[in-house]
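Order of listing sets the numbers, starting from 1, for every ligand and every atom in it.
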Amino acid sequence: GQGTCIVTGASSGLGLATAKALAETGKWHIIMACRNFLKAERAAKSAGIAKENYTIMHLDLASLDSVRQFVDTFRRSGRPLDVLVCNAAVYLPTAKEPAFTAEGFELSVGTNHLGHFLLSRLLLEDMKKSDYPSKRLIIVGSITGNTNTLAGNVPPKANLGDLRGLSGGLNGLNRSAMIDGGVFDGAKAYKDSKVCNMLTMQEFHRRLHEETGIAFASLYPGCIATTGLFREHIPLFRLLFPPFQKYITKGFVSEHEAGKRLAQVVSDPSLTKSGAYWSWNKHSASFQNQLSQEASDAEKARKVWEISEKLVGLA
Ligand code: NDP
């Protein structure tokens, strides 16, 4: 039969392309977990995803109540959960002031990291029950959070510091809306959130791979310069970024190709290694890449996990 795969943020960009690539194999039913139902429905239709291959369920990662409600709705559907893809993200590079989630966490880290952290912790129970032979939990990472790469060294660099802002609730009241306790910077908050995503994947691997057999993975699909992620950027940036990536850095990848890459991490029999961070070379061949020092710091991963548990109400 078909496997069931949840993809968050499947209403545009990489998430939509991945849903399409998976649906086309005929082997997957995709749960499109989206905050805007109508947009998701239109996107699925215009991408030509066959009706029987997807279900849209409402999920707003910027609200922990919504995350819990989504999990309930999914459970009531009676479907097993075989693969979870945490893909949704916001990027607010030009914001002068922080914005906040329903619970009052800075919006980029609150959505990209804390929302997905609660979602994946809750859904892990469902994945444990599935008898699918190759269960996977995938969190989309990014090169921008990786200071061991050229792109990861463009300022402002990711840096979680001693996590004092995160411990303080990331709300700008106690301490700061930034994880490291520093002054708000939207571009840095996004990169920090991606470091958290990669640390979470590894901490999942260390704590739960042996017990559950689930493969925990992260990836950098390449620079998909055409997605909605850059919608908040200044117009000149949006004009120049795609050709810059195409001709100068040569890191450019189409949404279609990036979707195929993420779909490989979902179902390719050769990409089953748990704890891996996948990348692709210029010939579109996958390889296991190195994470930056901070993104592979086991002590920091443990701390981020423990503080995040408290913030989302799991501990
Ligand atoms: P898009 O902006 O096109 O897609 C982001 C998706 O996340 C959209 O579907 C959006 O929903 C959804 N989303 C945002 N906020 C929420 C929320 N609160 N609740 C639920 N869904 C939400 O960007 P990309 O496709 O580029 O990004 C997808 C992933 O790829 C991200 O994790 C990003 O970090 C990563 N990535 C992207 C790269 C790139 O070059 N573009 C490079 C490396 C990684 P809506 O449609 O309603 O806005």
Side-chain angles (χ1 to χ4, degrees), residues 6-20 31-44 46-47 56-67 69-70 85-93 99-103 105-116 118-119 138-146 149 151-152 158 187 189-198 200-201 218-233 237-238 241-242 244-246 249 251-259 261-262 265 277-280 289:
I6 295 178
V7 180
T8 69
S11 51
S12 79
L14 177 60
L16 179 63
T18 304
K20 183 176 159 69
I31 308 290
M32 299 172 66
C34 299
R35 62 177 167 178
N36 183 333
F37 194 92
L38 196 62
K39 181 177 176 188
E41 186 60 50
R42 288 199 178 115
S46 69
I56 299 168
M57 288 185 194
H58 184 261
L59 167 66
D60 182 355
L61 289 158
S63 154
L64 299 180
D65 280 344
S66 172
V67 171
Q69 231 160 56
F70 170 83
V85 178
C86 297
N87 159 79
V90 285
Y91 175 48
L92 308 160
F100 298 96
T101 67
E103 287 76 20
F105 305 126
E106 185 281 316
L107 193 61
S108 331
V109 175
T111 304
N112 308 356
H113 168 57
L114 292 171
H116 278 134
L118 178 61
L119 180 74
I138 301 155
I139 309 180
V140 178
S142 179
I143 199 169
T144 52
N146 256 345
T149 64
Y190 169 80
K191 294 178 187 180
D192 289 350
S193 78
K194 291 280 120 184
V195 172
C196 289
N197 286 154
M198 294 182 281
T200 300
M201 176 276 289
S218 182
L219 69 149
Y220 173 63
C223 182
I224 329 158
T226 52
T227 70
L229 196 67
F230 307 100
R231 77 194 91 193
E232 301 293 337
H233 226 301
F237 177 88
R238 281 187 272 130
F241 192 50
F244 173 74
Q245 290 294 343
K246 230 180 222 158
T249 71
F252 179 88
V253 58
S254 69
E255 292 180 28
H256 174 72
E257 174 62 25
R261 290 176 179 183
L262 180 44
V265 183
Y277 167 62
W278 300 104
S279 296
W280 285 259
N289 206 346

Among all protein heavy atoms, pick the one closest to [atom] and tell me residue, atom and distance.
{"atom": "atom 39 (C) of ligand 1", "answer": "I224 N, 3.5 Å"}
{"atom": "atom 19 (N) of ligand 1", "answer": "L61 N, 2.9 Å"}
{"atom": "atom 21 (N) of ligand 1", "answer": "A88 CB, 3.6 Å"}
{"atom": "atom 42 (C) of ligand 1", "answer": "G222 O, 3.5 Å"}
{"atom": "atom 28 (C) of ligand 1", "answer": "N87 OD1, 3.1 Å"}
{"atom": "atom 5 (C) of ligand 1", "answer": "A89 O, 3.7 Å"}
{"atom": "atom 2 (O) of ligand 1", "answer": "R231 NH2, 2.5 Å"}
{"atom": "atom 26 (O) of ligand 1", "answer": "T227 OG1, 2.5 Å"}

Tell me whether ligand 1 is touched by [X] - counting only heavy atoms on the residue side and a distance under 4.0 Å.
{"X": "G141", "answer": "yes"}
{"X": "T8", "answer": "no"}
{"X": "S66", "answer": "no"}
{"X": "C223", "answer": "yes"}

Given L59 and I6, is the side chain to side chain contact (heavy atoms under 4.5 Å, CB included) satisfied, shown in steps? CA-CA 11 Å; L59 167 66; I6 295 178; over 6 Å; no
Where ligand 1 meets [X] - atom numbers and elements under 4.0 angstrom, heavy-atom basis:
{"X": "A62", "result": "18 (N)"}
{"X": "V90", "result": "14 (C), 15 (N)"}
{"X": "L59", "result": "19 (N), 20 (C)"}
{"X": "G13", "result": "3 (O), 25 (O)"}
{"X": "K39", "result": "45 (P), 46 (O), 48 (O)"}

Do [X] and [Y] touch side chain to side chain, with heavy atoms closer than 4.5 Å?
{"X": "H116", "Y": "T8", "answer": "yes"}
{"X": "R261", "Y": "V253", "answer": "yes"}
{"X": "T18", "Y": "N87", "answer": "no"}

Give the minimum heavy-atom separation between [X] and [Y], together with the two atoms involved.
{"X": "H58", "Y": "R35", "result": "NE2-O, 3.2 Å"}
{"X": "V265", "Y": "I138", "result": "O-CD1, 3.5 Å"}
{"X": "K20", "Y": "A47", "result": "NZ-O, 2.8 Å"}
{"X": "H233", "Y": "R238", "result": "O-NE, 3.0 Å"}

Would you indicate which of [options] comes nearest to [atom] when only heavy atoms are counted?
{"atom": "atom 47 (O) of ligand 1", "options": "K194, K191, E255, R35", "answer": "R35"}
{"atom": "atom 34 (O) of ligand 1", "options": "Y220, Y91, Y190, F70", "answer": "Y190"}
{"atom": "atom 3 (O) of ligand 1", "options": "S12, G115, S11, A10", "answer": "S12"}

Going by distance only, is there an N or O of D60 that falls short of 3.5 Å from an N or O of ligand 1?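 Yes; at least one N/O pair falls below 3.5 Å.
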Looking only at distances, can you tell me whether any N or O atom of G9, backbone or side chain, sits closer than 3.5 Å to an N or O atom of ligand 1? yes
Just how far is it from atom CZ of R42 to atom CD1 of I56, taken to the nearest 0.5 Å?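 Here the rounded value is 11.0 Å.
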Full working for side-chain hydrogen bond (donor to acceptor under 3.5 Å, both in side chains) between S66 and D60: CA-CA 6 Å; S66 172; D60 182 355; 5.6 Å; no
Test L219 against W280 for side chain to side chain contact (heavy atoms under 4.5 Å, CB included), laying out the working first. CA-CA 9 Å; L219 69 149; W280 285 259; 3.8 Å; yes
Are E257 and I224 close enough, and set up right, to give a side chain to side chain contact (heavy atoms under 4.5 Å, CB included), and what steps lead you there? CA-CA 9 Å; E257 174 62 25; I224 329 158; over 6 Å; no
Dump the intermediate steps for side chain to side chain contact (heavy atoms under 4.5 Å, CB included) on F70 and L61, then the final yes or no. CA-CA 10 Å; F70 170 83; L61 289 158; over 6 Å; no
